[in-house]
2 protein chains.
Amino acid sequence: MPKTSHATSGCAIARGLDLLGERWTGMIVRDALRGIDRFADFVAELGIAQDVLTKRLNALVAAGVMERIPYQEDGSRMRYRYALTPTGRQLATALASIGDWAAAHLPVDGGSTSHFVEAATGQRVRAALVTDDGRIVAPVDAQLVVPSAGS
Amino acid sequence: MPKTSHATSGCAIARGLDLLGERWTGMIVRDALRGIDRFADFVAELGIAQDVLTKRLNALVAAGVMERIPYQEDGSRMRYRYALTPTGRQLATALASIGDWAAAHLPVDGGSTSHFVEAATGQRVRAALVTDDGRIVAPVDAQLVVPSAGS
DNA sequence: CAGTATCCTGAACGATACTG
DNA sequence: CAGTATCGTTCAGGATACTG
């Protein structure tokens, strides 16, 4: 049981954490959401070792989060770029909520303010808990229910 | 710089991932949201080694996510329980979005359906991106803006 | 504390393109 | 057709973290 112990756990949170909790995975997805898509650019942005990046990208491709797309600049040889799939793009909510939380509760002096906006309007968007009928619920009023233990 | 390389990064997402990305931290917070608060119960639920749990709990206390509260059952010696602070409870949004995403995109046969509900009504709540005026935005229509580059 | 697994650093390797 | 540069990947090591 070396690394990801709860990978096939019945708990969805555990499975999601296994992916995002991998050392670099979250940062890769974050950069991909910024538009980064080339191997060399990920290396430059993250300072990640290349073989580790290879492993992480392969894992993300295997998980259906990213896809490997061949391209060729006119004079050059064939290269690959790595783009988020629709599935991967949906991680925006998760990363936004993590970022919002950290910005509010893990402040740092020169705190940057990277944030998500609605593409069409430029309006700032934040992660929130909403009911199926669109009502916003404060995190404090939310409760985690696990099916294993009754009620 | 062994483990958490981007801990003091200007990017809030990086700081948040440094915490939740730690091998066990997210699972500990998840169990805390379920009401677990005793050292032995965390060990039993997670199968984590005790010294590692100690380190993680200390880190969470240092980050202001959990607090260490003394208690004493009548015949017994002084013990400590670990409870989420208000700051820590706000991680519910992040964990809910991770769980929602994994449930939808990382399916597994006997997939459990742990989920968040509004405590008062029992209504299911999900993580979503909302504008400041309460409009819900699809993740696909969201865009990550980093202050470093213009705009 | 002992044994094992994982990670990171640095370097080497095949593959492709441009050069002369 | 060699000679060189770049890219993406893989290999070898030392350090670190986890489990029991």
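For clarity, every value in this text was computed on a predicted model and none was experimentally measured. Below, chains carry the letters A, B, ... as their sequence lines are ordered, and counting in each starts from 1.
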Atom [atom1] of [X] to atom [atom2] of [N]: distance rounded to whole Å?
{"X": "L53(B)", "N": "dG20(D)", "atom1": "CG", "atom2": "P", "value": "14 Å"}
{"X": "D18(A)", "N": "dT6(C)", "atom1": "CG", "atom2": "C1'", "value": "14 Å"}
{"X": "I48(B)", "N": "dT19(D)", "atom1": "CD1", "atom2": "C1'", "value": "11 Å"}
{"X": "W24(A)", "N": "dC8(C)", "atom1": "CH2", "atom2": "P", "value": "6 Å"}
{"X": "M27(A)", "N": "dC7(C)", "atom1": "CE", "atom2": "C1'", "value": "17 Å"}
{"X": "R23(B)", "N": "dA5(C)", "atom1": "CZ", "atom2": "C1'", "value": "9 Å"}

Is there a donor-acceptor pair closer than 3.5 Å between any side-chain N or O of Q72(B) and the backbone N or O of S76(B)? yes

Side-chain donor/acceptor of D51(A) to base of dC11(D), under 3.5 Å: yes

From the options V65(A), L33(A), L60(A), select the one residue that forms a side chain to side chain contact (heavy atoms under 4.5 Å, CB included) with I28(A). L60(A)

Using the closest heavy atom to pick a nucleotide of DNA chain D for each, name whichever of A49(B) or V52(A) lands nearer the 5' end. V52(A)

Side chains of [X] and [Y]: is there a donor and an acceptor less than 3.5 Å apart?
{"X": "T93(B)", "Y": "S97(A)", "result": "no"}
{"X": "R135(B)", "Y": "Q123(A)", "result": "yes"}
{"X": "E118(B)", "Y": "T121(B)", "result": "yes"}

Indicate whether OP1 or OP2 belonging to dC7(C) is found under 4.0 Å from a side-chain N or O atom of R56(A). yes

Reading 5' to 3' through nucleotides 3-8 of chain D, protein heavy-atom contacts under 4.0 Å coded B for base, S for sugar-phosphate only, - for none: ----BS

Y82(B) ring centre to R68(B) NZ or CZ under 6.0 Å, with the angle to the axis within 45°? no

If you write DNA chain D from 5' to 3' in dot-bracket form, with Watson-Crick or G-U pairs under 3.5 Å, [ ] for crossing pairs and | for pairs with another strand, what do you get? ||||||||||||||||||||

Stepwise, does the salt bridge (Lys or Arg N to Asp or Glu O under 4.0 Å) test hold for D100(B) with R124(B)? CA-CA 11 Å; D100(B) 288 349; R124(B) 172 94 145 96; 3.7 Å; yes

Restricting to non-hydrogen atoms, name the atom on A94(B) and the atom on L20(B) that form the minimum distance, rounded to 0.1 Å. CB-CD1, 4.4 Å

For L144(A) and R34(B), which heavy atoms make the closest approach, and how far apart are they? CD2-CG, 3.4 Å

